[in-house]
Amino acid sequence: MALTANFPDIVGNLGVNGFSGGNRARAAEVNANVLEPLLYLKARPVARFVDLDGTVFNTTSTSFVDVTGASASITTSRSSRLLIIGHVMWGQSASFANVLTIDIDGSAQGDASNGVISHNAPSTGGIPAGSPAAFTWLTAAAVSDGAHTVKLRMKVQGGTGTIYGVNGVILEVN
Amino acid sequence: MTELSLGARPGVNFPVLDAELREALPFMIDGIAWDKRDNLTVIVSEGEDAAALRGAIAEVIAAHDPTQLTPQQAAEIARAEAAQAVAGADLAAKVQAVVGATTLEELRPVLLDALDLLNKMAVAQGLVPPASAKAAEDVAVAYRVAKAEERAAAAEGTD
């Protein structure tokens, strides 16, 4: 039977003790419970968004708004948690904070006020253009099996926040 | 909160438009967003009727004057100009002028020049707001004008 790179239910297939000493493992069992997981780890669903060509997005909004171009769709192979990693290069015109959150299928993941990252400008001025900020997010619970849209949303506490570059990856994890 | 996408708006001074919209529609919008193709989105505040505000927003956009500057934009231009003036200053000549001055009357304009340069450095580095630097500059200018008038009057008296 052809390998499919799907992660199997190993415990369901082999029991809690896995392969037992003294028993011969059949090829089908090895394929299903050893090779399939290895193939899955290499081929599991990933997605990305990237825009690094200069001024990407600006906002003066004090409520979260979609960051243009910073979204991607991922189709999970099973009900899984999503790991989202990325960074922005951004700036702020005045002494206010830029705040970024992650939205999955219309549901905000971060804190309602502080998002997943909040970058405060110093009191003497704004955030210099191109300043880096990184974000990492693991969903608290598994998302359902199927297609999901992940996007970045941004707001400011005041002034104008500008994103000069954005880069993110989304990975299905168990 | 509702996002109203209003299409590409090239030539708009977006921070100014943001201020104009907030003034025209107080507490009805959370701000605006625009991308690298100048596509404008207006973020209408929670509880407001976005559809009903479309007309008022269109009026503000139609009346928008992109040549106006926000205070921050004006300050940024002032900082850039100050930085350019500092970079182009002939420091050696200024020091030479101080060394060469023998009377207070000769020294005063040289010191005013030096203070003017110090002022510009502070502005360029964002240590003082351009407005306060302008106030100091105005004092120096007033002194120079008064001295020029004095010289002119004295020259007239000797003619």
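A, B, ... follow the sequence lines: proteins, then strands. Residue 1 opens every chain.
A donor-acceptor contact shorter than 3.5 Å is absent between the side chain of B:Q84 and the backbone of B:A80. Of the possible donor and acceptor atoms, one in the side chain of B:D49 sits under 3.5 Å from a partner among the backbone N and O of B:A51. A:N31 contributes no side-chain N or O that, together with a main-chain N or O of A:L35, makes up a donor-acceptor pair within less than 3.5 Å. Formation of a donor-acceptor pair under 3.5 Å by the B:N119 side chain with backbone atoms of B:L115 is not found in this model.
In this structure, CG on A:N98 lies 9.5 Å from OG1 on A:T160, to the nearest 0.5 angstrom.
Contacts of A:D66 with chain B are made by both backbone and side-chain atoms, with heavy-atom separations under 4.5 Å. Proximity to chain A (any heavy atom under 4.5 Å) is shown, for B:I32, by both the backbone and the side chain. For A:T55, the part lying near chain B is the backbone, with the side chain staying farther off; criterion is any non-hydrogen pair under 4.5 Å.
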*Step by step, would you call A:E172 with A:R81 a salt bridge (charged side-chain N to carboxylate O under 4.0 Å, His left out)?*
CA-CA 6 Å; A:E172 174 183 310; A:R81 296 170 86 180; over 6 Å; no

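Of the residues considered (A:I163, A:T59, A:T60, A:T162), A:T60 shows the highest number of contacts with chain B, using heavy-atom pairs under 4.5 Å. Between chain B and the options A:G126, A:G159, A:S63, heavy-atom pairs under 4.5 Å are most frequent for A:S63. The candidate from B:T70, B:N39, B:D35, B:V42 with the greatest count of non-hydrogen atom pairs under 4.5 Å with chain A is B:D35.
Within residues 16-30 of chain B, the residues that have a heavy atom under 4.5 Å from a heavy atom of chain A are B:D18, B:R22, B:D30, listed by number. Residues from residues 135-143 of chain B never place a non-hydrogen atom less than 4.5 Å from a non-hydrogen atom of chain A.
For the pair A:Y40 and A:T4, the minimum side-chain heavy-atom distance is 4.5 Å or more.
In the model, A:S93 has a side-chain atom that pairs as donor or acceptor with a side-chain atom of B:Q72 under 3.5 Å. When only modelled atom types and interatomic distance are considered, A:T101 and A:Q109 share no side-chain donor-acceptor pair under 3.5 Å.
Nearest heavy atom pair, residue A:D111 against residue A:F64, reads O-CE1, 4.4 Å. Contact detail for A:S77 and A:P45: the closest heavy-atom pair is N-CG, 3.8 Å.
With a 6.0 Å radius and a threshold of 12 heavy atoms from other residues, nucleotides or ligands, B:R144 has its CZ atom above the threshold.
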